[in-house]
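What you see below is based on every heavy atom in this structure, not just the backbone, and it leaves out hydrogens, waters and symmetry mates. In what follows, every chain begins at residue 1, and chains take the letters A, B, ... in the order their sequences are listed.
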Amino acid sequence: MTGTSQGEQLPTVFPPDGTGTAEERVRARDALLDVRDLRVSFPGRGWRAPRVEVLDGVSLRIRPGETLGLVGESGSGKSTIGRAILGLAPVAGGTITFDGERVDNASRRRRRALSRDVQVVFQDPYTSLNPSLLIGDTLAEPLLAQGVSAREARGTVADLLDRVALPRDTVHRLPREFSGGQRQRVAIARALAVSPRLIVCDEPVSALDLTTQRTVMDLLTDIQERTGVAYLFVSHDLSVVRAVSHRVAVIHRGAIVESGEADMITRRPGHPYTRRLLLSAPVADPDRQRERRAEYERRFHAGAS
Amino acid sequence: MTSFILRRAASGLLLLLVISALSYVLLSIPNADVGRQLLGPHAAQELVDARNSALGLDQPVAVRYLDWLSSALRGDLGTSWFTNADVAQAMGNRLPVTLSLMVGVTVVTAVASFVLGAWAGVRRGAVDRAVQVIGVVGYALPGFLVMLVIVLVFGVQLRWFPAIGYVPLSESFSGWLSTVTLPILSLSVAAIAGVSQQVRSSIIEVMGRDYVRTLRARGLPASRVVFRHVLRNAATPALTVLGMQFVGLLGGAVLVEQIFGLPGIGAMTVQYTTRGDVPVIMGLVMMTVVVVIVINLFVDILVGWLNPKARTS
Amino acid sequence: MSAPVAASTAPRRSGTARRFLTNPQAMLSLLVLMVIAGLVVFAPLITQHSPTTAELRNAFGPPGGGHLLGFDSAGRDVWARLLYGGRNTLGGAALAVAVALVIGVPSGLAAGYHGGWFDSLASWWVNMIMALPAMVVLLASRAVLGPTVWVLMVVLGVLVAPSFFRLVRGTVAGMRGELYVDAARVFGLRDSRIIARHVLAVVRAPIIIQVALVAGMAIGLQAGLEFLGIGSGSLPTWGAMLNEAFTNIHREPLLMLWPGLALGVTSAALVLLASALRDVLEDRGTAPATGRRARRAAAVPPTERDGVGERADLLSVRDLAVAYTLADGTSTEVVHGVDLDVRRGEVLGLVGQSGSGKTQTAFSVLGLLPEGGRVSRGSVLLDGTEVVGAAERTLRGLRGDTVAYVPQEPMSNLDPAFTVGDHLTEPLRTKLGLSRAQARERALDLLQQVEIPDPARVMASYPHQISGGMAQRVLIAGAVSCDPDLLIADEPTTALDVTVQAEVLALLRRLQAERGMGVLLVTHNLGVVADLCDRVAVMREGGIVEVGATADLLTSPRDPYTRELLDAVLDDAPARAPWRPREVGTR
């Protein structure tokens, strides 16, 4: 594995759709996950309605141990990217390559094998755990699916609970006995069970209270430092994405409008949409918020009453 | 809305076609020797064969069905094998009896269920518990047992109403009313139990919706919110259940007409099906399916009218 | 998945079993059913009389001489016929239920889980079967299949299979969208395993309940068939007994009692068992999600509070407590002695995490707590009028023109059956007595004020036809339509996208300034507070921990909890440093 400094000087590989921004800095052979020109569409509602294009040629790359933050508003298609990578959304065009191997439209058998490497943490900790299964059974599920013996799985489950700082007697309880933050810890532990190389985190902290949000983010970062797992971190909240991601991609109406290093994107946004996202979120300081508000009005509301 | 109705009507016609074909083929399996059945065991074989071929029974099933279908499309449902009566005419004579029964039950059920269900759902407390008990009891007792008890009590013991017989509406209104009261009552008990539960639970559900709170926060009187907003939104599931009850009534009519001696479609069904009179059974099945399709279409239109989302998407 | 990894699932199962054993309705109906089943199964041991031996000289004979219930019209022993008849009646019903289960459950699982063409086809068939009256089809089948009760029961099973199909399909189709099923797919579980493990666990309870209901229905239908005399003539069944008794109704009405009773008691017991099972098996929600709502008072005295000194003129809350009555009859307090003041033209932010009681406080001011909730003590003065304990008429007078409400979820707060125009004009007409035309004009004006382009078109739209941001503007227009003095906004921008949030905040600020409204803004977002509020109150576990001017409180919080909240804000958190490749071999 070579350094980025070297990569920056090399001729860059532009994403095929020509929207290439900072994405070109990640060379194809460095990438653990390489998504190129991904298209996803769903059937329209109603008889003979045209198909709805959800993703219109999205390209992104994630290196081992890297977090790519994907930020966008509802309906932008940000969750669909994650679902397509996981095989939960149909790929209509483009390619998804994981560790050098095409995985879009992989066979079910191949998909099962792939689940050892690619895992998921969903947004809603209330519906992502089966309410009638004990936490222990939920955590053992991915292990047993990989053919691990029940005995061995039990040991791993105890170890997983330690890693997400939950007490060991958690295994005998039902999800409803836990708060949102604790459930999200369980979901993270479940994703870690098979030591994956990439975890798709789909709005993992959006349903949580402010203080809980922070601890879960810290937990994710901490796990990454120790295990070298890569994250695709999907969120609508730019401040969350900025704090957990090495690089940030901004998605708007099914296309990535801008991507680059987190600090860069949030300090000197290039695209007007990114700027709008940044200025829209109010900050918890009345004076600074007044300035931001004025800037927002100046930029986006010049003609309004 | 128009395209919605047309689509439903088209799927209804398809249903009619499929059921007619299916019933015809199934009904044709056992009647190997209808001629022999009609003419008795001692008739000469030639006569039996002649009779069978007169009835078209020497033809393959597919041919017979297409024959039946083409005349049915022209409004001719054929004649009974056993009585030679014209099927369409015989059903036409009996239909008013059954229909008046079903309409009566539906009106009684709709009114009683909405009053009881709304009362229980809005006021809760003791009324609510009473309606729930009625619901469980009404559901727990088999329908025809209720009918028998009603005959026994009001017809045989108290003699308030005639236990048996029918007076057509065209002859005397009071006579008609006195003969249909008990049948309508017996059929309504179970229907009210079912529909009022649905009204109650959907009203309770709608009362808990966010927009009810918001409407009240605007300063609208609670009664106005209930009558204008809650009832309207709660009516949709209740109407669907009412429609299903109506379909169930076609089955209930068979029993009630038998018990109360009413000359309706239900009694006819029992009479002819036991003999395997295919033209009559086909006529009855077709009529039943038509009634069901019309009812479902009617419910769909009502729901679409009440609920713009169902109408526009 | 034969070996659960969690050491045992015993605690959960025994919980269900205990609930079942302590439910009197469940135990009683089960006992009744077991007694009936026992009598029927061991009929030959219980009576030595034959159900079919007819001795005409005994016709209508009274009980006596070992004949427990006397004789019927043909001189047969009624008790023996009742016992043996039960075998056929109950056996037939059991057969029908078994057939319905075998057909309905697997097809429902497949249709619900996979969807697609099988689902369409199966659902079409099911709708067709359900559209047919069972009794008529049974009569027609009898013409085809002959008068064999067992064959007819198989047909009945086919006819009632849709009730299982629809139940299972509906439940499973609902689950297909659940994230935990998606998660299981990502973990590489086979579909068969997902169904066995996740799906069956969920549909098991509803199926058990449905079995009891369908069994009751099957018994009723079967007895009805026999009553019509078109079952198998010779076999004793309860329905046939009723038929025979009915023809002699004028001579010996008592003969109807025994089979009628047997039938009524059996199906009543089944339905009661079903309703008890529903209580027992579906009782999942009684334990409240922990952490969602604090149960006990936080005995933390506020560092600074409203409530000292005189009460504000617009809204003044003193020592407000809100309690909820739980399902078991006990009561739990969720708001414990809150003091708040909003002056005319002032914007007060009420901040806290989920479950802190801020929304409950807001609802108390409107007098619109959800069912089961009540103000258990304290005082709420709204423009000089006491709200706590006030008559509905007084409250109605205040709502709309003194106090108005903007909710969190725009979509669920508009009645789907009415147009946007109806929503706006209705309060104007009932509250202000405007004519239809005046109200319409005013509504158009309001929509313009909330910056909706093309107000005439939006007026005629139904809620599902407009976007969430638009719907929130409509709700704001509705809230200010009768010129309220106080606006209660409960997380008015939380459900919106951030760019829409910025516009709605700007709108709220403008309306507040133009109209000089007081605003009680409930939110969890400190940025929103900084943007809009003059003063802030911080709530935690049902109590207020700190009140102060926005700038002071956000820059120099006094209470440790406020500090904790501010520390969690990510505005100034550093962006993550760029990625560096890991040392080779660390993984």
*Can you list the steps and then say if A:Y296 with C:E503 is a side chain to side chain donor-acceptor pair (under 3.5 Å)?*
CA-CA 10 Å; A:Y296 181 89; C:E503 317 240 306; 3.1 Å; yes
For [Y], is there any backbone N or O sitting under 3.5 Å from a side-chain donor or acceptor partner on [X]?
X	Y	result
A:R242	C:A573	yes
A:D263	C:A575	no
A:E73	C:T499	yes

Who among [options] has the most heavy-atom pairs with chain A under 4.5 Å?
options	result
C:D182, C:V569, C:L566	C:D182
C:D567, C:V529, C:L565, C:D572	C:D572
C:V528, C:D497, C:V181, C:L570	C:D497
C:L505, C:L526, C:D571	C:D571

Which atom pair, heavy atoms only, marks the closest approach of [X] to [Y]?
X	Y	answer
A:L144	C:R193	O-NH1, 3.5 Å
A:P64	C:W579	O-NE1, 3.0 Å
A:H246	C:P578	CD2-C, 3.8 Å
A:L210	C:Q353	N-OE1, 3.9 Å
A:S115	C:F187	OG-O, 3.3 Å
C:A551	A:P286	CA-CG, 3.8 Å

Side chain / backbone / both / neither for [X] at chain C, heavy atoms under 4.5 Å:
X	value
A:R214	side chain
A:L88	side chain
A:R292	neither
A:V248	neither
A:T127	both
A:R111	neither
A:T67	side chain
A:Q224	both
A:R116	neither

_Side chain / backbone / both / neither for C:P574 at chain A, heavy atoms under 4.5 Å_ = backbone
*Non-hydrogen atoms of chain A under 4.5 Å away: do they reach the side chain of C:A577, the backbone, both or neither?*
backbone
*Please walk me through it: do C:H198 and A:E141 pass side chain to side chain contact (heavy atoms under 4.5 Å, CB included)?*
CA-CA 11 Å; C:H198 292 280; A:E141 192 162 62; 2.5 Å; yes
*Among all residues two or more places apart in sequence or in another chain, which pass the ring pair (Phe, Tyr, Trp, His ring centres under 6.0 Å) test with C:Y561?*
none
Between [options], which shows the greatest number of heavy-atom pairs under 4.5 Å with chain C?
options	answer
A:H236, A:R109, A:E225	A:E225
A:T138, A:V241, A:D285, A:V244	A:V244
A:A113, A:G181, A:S245, A:A191	A:S245

*Just how far is it from atom OG1 of C:T550 to atom CG of A:D287, taken to the nearest 0.5 Å?*
11.0 Å
*Quick one: does A:R112's side chain get under 4.5 Å of C:L189's, heavy atoms only?*
no
_Worked check of side chain to side chain contact (heavy atoms under 4.5 Å, CB included) between C:V186 and A:V118_ = CA-CA 8 Å; C:V186 173; A:V118 184; 5.9 Å; no
*What do the steps show when you test C:R576 against A:E261 for salt bridge (Lys or Arg N to Asp or Glu O under 4.0 Å), and what is the final call?*
CA-CA 9 Å; C:R576 192 158 178 194; A:E261 259 141 29; over 6 Å; no
*Begin from the C-alpha positions of C:Y180 and A:L129 and carry the test side chain to side chain contact (heavy atoms under 4.5 Å, CB included) through to its verdict.*
CA-CA 5 Å; C:Y180 61 80; A:L129 305 177; 5.6 Å; no
*Under 3.5 Å side-chain donor-acceptor pair for A:T211 and C:E564*: no
*Examine the side chains of C:Q501 and A:S280 and answer whether a donor and an acceptor come within less than 3.5 Å of each other.*
no
*Does the pair C:R185 and A:L86 meet the rule for a side chain to side chain contact (heavy atoms under 4.5 Å, CB included), with working shown?*
CA-CA 9 Å; C:R185 288 210 188 115; A:L86 294 164; over 6 Å; no
*Is it the case that more than 12 heavy atoms not belonging to C:R563 sit under 6.0 Å from its CZ atom?*
yes
*Report the C-alpha separation of C:D531 and A:R290 in whole Å, then their side-chain angles, then the decisive distance to 0.1 Å, and conclude whether the salt bridge (Lys or Arg N to Asp or Glu O under 4.0 Å) test is met.*
CA-CA 7 Å; C:D531 192 60; A:R290 203 171 304 121; over 6 Å; no
